[in-house]
Amino acid sequence: MLKTETPSLAHSGLDQYGAAELVHAFVDEQSHAVQAVRAASASIAAAIEAAAPRLAAGGRLIYVGAGTSGRLGVLDSVELYPTFSWPHSRALAILAGGRDAMFTAVEGAEDDLRQGGADLNALAPGADDVVLLLAASGATPYVLGALRTARERGALTIGIANNAGAPLTREADVGITLDTGAEIISGSTRLKAGTAQKIVLNTISSALMVRQHKVYGNLMVDLKPTNAKLVQRSVRLTMHATGADEATARAVLEQCRFHVKVAIVALLRQASVAQAGALLEQANGSVRAALVK
């Protein structure tokens, strides 16, 4: 039996716990997710190293999963645009059962090997694309169908599973095993297995965005200020990076449509917004490189 399906021996009396005991049990179990991710650090780093040059060459991130795993992939994909201005067209997610499965379980969808391959094939993956495939069991037919199509088309495949020796991690170019073990509620992989998967997705996508010059120091300098909170964040980031006062930072940001990267280079280089934009273009979007040109 898969570890993720094996009943946990640690909390056989869970249904008799009081509220405080339940909280402690569920929170303590989640600590295993962090340990599992830490143990997989080498393979996570290998995935980042393999993916970074493909994205630099114009490739896309494509997430594939079913159930909780699939929804976590959707979540990671949609957050890349507001956080890093990563184009929607370069962060795609397919989910067993289609869009409706984001909100309602679509029974049997994850068992369709052929549909997984067909859904991925519809995105026409190529050699520069990076396909992240998630399945707690590591054997979900829909995900394996997508994996095999991705490999046939030459895309980089990164398989993420919570059981050792799973087909998904064996067949992927880079396999990441998150050995989270039995769940406190038997088989409920939306718990620590899902938590571990989310940590890995956050880590991979964020690290890749750092590599794509979306971060200066540890500042989020390529965000999309789509609401009042993010506009104010853009002002604070510019002030922090340059030492400018609020009025100066806001004035320069208004000239460049609140593009923090451009404002930082303009202020630190004492250049116009147009000159700062040109410097960034020459530096492939790197603020640090643009400041020394």
Side-chain angles (χ1 to χ4, degrees), residues 30 34 37 44-45 48 51-53 55-61 63 71-93 102 130 132 195 198-293:
Q30 292 290 352
V34 176
V37 174
I44 296 167
I48 293 163
L55 295 191
R60 300 171 294 176
L61 285 169
Y63 301 75
R71 295 182 190 104
L72 290 171
V74 173
L75 178 64
D76 203 69
S77 72
V78 300
E79 290 181 342
L80 295 182
Y81 177 77
T83 309
F84 300 110
S85 294
W86 190 252
H88 293 298
S89 61
R90 295 182 66 193
L92 307 172
M102 190 68 192
V130 178
L132 297 116
T195 299
K198 188 175 192 306
I199 295 171
V200 170
L201 289 178
N202 283 168
T203 300
I204 291 174
S205 61
S206 298
L208 288 172
M209 292 302 106
V210 172
R211 288 287 187 90
Q212 302 303 311
H213 309 305
K214 302 292 186 177
V215 174
Y216 171 54
N218 67 341
L219 303 181
M220 184 196 304
V221 294
D222 219 358
L223 77 164
K224 283 289 183 189
T226 53
N227 57 42
K229 177 189 73 174
L230 294 179
V231 167
Q232 191 55 41
R233 181 181 297 169
S234 299
V235 174
R236 289 197 304 271
L237 288 168
T238 303
M239 292 170 63
H240 182 87
T242 65
D245 59 37
E246 182 172 355
T248 301
R250 185 176 290 274
V252 175
L253 283 164
E254 286 174 350
Q255 293 175 41
C256 60
R257 298 184 179 180
F258 283 82
H259 193 169
V260 176
K261 277 186 174 184
V262 175
I264 290 172
V265 174
L267 285 164
L268 292 180
R269 290 292 300 265
Q270 297 184 328
S272 69
V273 163
Q275 290 169 330
L279 286 168
L280 279 164
E281 187 172 351
Q282 293 166 19
N284 293 319
S286 168
V287 172
R288 198 171 295 280
L291 291 175
V292 298
K293 279 189 173 289

Exercise for the section: Measure the spacing between NE2 of His259 and CD1 of Ile264 and express it to the nearest 0.5 Å. Expected result: 9.0 Å
Exercise for the section: Flag the pair Leu223 / Met220 as yes when at least one side-chain heavy-atom distance between them is below 4.5 Å, and no otherwise. Expected result: yes
Exercise for the section: Indicate the atoms forming the closest heavy-atom contact of Ala283 with Ala290, along with that distance. Expected result: CB-N, 3.7 Å
Exercise for the section: State, with a plain yes or no, whether a side-chain heavy atom of Leu92 is found less than 4.5 Å away from one of Leu61. Expected result: no
Exercise for the section: Drop me the distance from Leu237's CG to Phe258's CZ, to the nearest 0.5 angstrom. Expected result: 12.0 Å
Fill in the blank from the handout: Hits for side chain to side chain donor-acceptor pair (under 3.5 Å) against Ser272, two or more places apart or cross-chain, chain-then-number order -> Gln275
Practice task
Identify the two heavy atoms, one from Ala91 and one from Trp86, that lie closest to each other, and give their separation to 0.1 Å.
Solution key: CB-CD1, 3.7 Å
Problem - Contacts of Arg236 that satisfy side-chain contact (heavy atoms from CB on, under 4.5 Å) - sequence neighbours left out - result: Gln232, Arg233
Exercise for the section: Could you check if a side-chain atom of Tyr63 sits within less than 4.5 angstrom of a side-chain atom of Val74, using non-hydrogen atoms only? Expected result: no
Handout entry: N/O donor-acceptor pair under 3.5 Å between Lys224 side chain and Thr83 backbone
Key = no
Problem - side chain to side chain donor-acceptor pair (under 3.5 Å) partners for Arg90, two or more places apart - result: none
Exercise for the section: Indicate the atoms forming the closest heavy-atom contact of Ala241 with Leu219, along with that distance. Expected result: CB-CD1, 3.8 Å
Practice task
Check whether any side-chain heavy atom of Val235 lies under 4.5 Å from a side-chain heavy atom of Leu253, and answer yes or no.
Solution key: yes
Handout entry: Nearest non-hydrogen partners of Ser77 and Ala93, listed with the distance
Key = OG-CB, 3.7 Å
Problem - Heavy-atom side-chain contact between Thr238 and Val252 under 4.5 Å - result: no
Handout entry: Minimum-distance pair of heavy atoms, taken over all atoms of Leu230 and Pro225
Key = CB-CA, 3.5 Å
Handout entry: Non-neighbouring partners of Tyr81 that pass ring-ring contact (aromatic ring centres under 6.0 Å, His included), sequence neighbours left out
Key = His88
Per-pair distances, 0.1 Å, donor-acceptor, side chain in residues 199-206, under 3.5 Å, sequence neighbours excluded:
{"from": "Asn202", "atom 1": "OD1", "to": "Lys198", "atom 2": "NZ", "distance (Å)": "3.2"}
{"from": "Asn202", "atom 1": "ND2", "to": "Asp76", "atom 2": "OD1", "distance (Å)": "3.3"}
{"from": "Thr203", "atom 1": "OG1", "to": "Ile199", "atom 2": "O", "distance (Å)": "2.7"}
{"from": "Ser205", "atom 1": "OG", "to": "Asp76", "atom 2": "OD1", "distance (Å)": "3.4"}
{"from": "Ser205", "atom 1": "OG", "to": "Asp76", "atom 2": "OD2", "distance (Å)": "2.9"}
{"from": "Ser205", "atom 1": "OG", "to": "Leu201", "atom 2": "O", "distance (Å)": "2.9"}
{"from": "Ser206", "atom 1": "OG", "to": "Asn202", "atom 2": "O", "distance (Å)": "2.7"}

Fill in the blank from the handout: Taking every heavy atom of Arg288 against every heavy atom of Gly217, the minimum-distance pair comes out as NH2-N, 3.6 Å
List the atom pairs, with distances to 0.1 Å, where a side-chain N or O of residues 208-216 and a protein N or O form a donor-acceptor pair under 3.5 Å, not counting sequence neighbours.
{"from": "Arg211", "atom 1": "NH1", "to": "Glu49", "atom 2": "OE1", "distance (Å)": "3.4"}
{"from": "Arg211", "atom 1": "NH2", "to": "Glu49", "atom 2": "OE2", "distance (Å)": "3.0"}
{"from": "Gln212", "atom 1": "NE2", "to": "Ala52", "atom 2": "O", "distance (Å)": "3.3"}
{"from": "Lys214", "atom 1": "NZ", "to": "Phe84", "atom 2": "O", "distance (Å)": "3.4"}
{"from": "Lys214", "atom 1": "NZ", "to": "Asp222", "atom 2": "OD2", "distance (Å)": "3.0"}

Problem - Side-chain donor/acceptor of Arg250 to backbone N/O of Asp245, under 3.5 Å - result: no
Exercise for the section: Any chance you could measure Lys261, atom NZ, to Ser234, atom OG, to the nearest 0.5 Å? Expected result: 13.5 Å
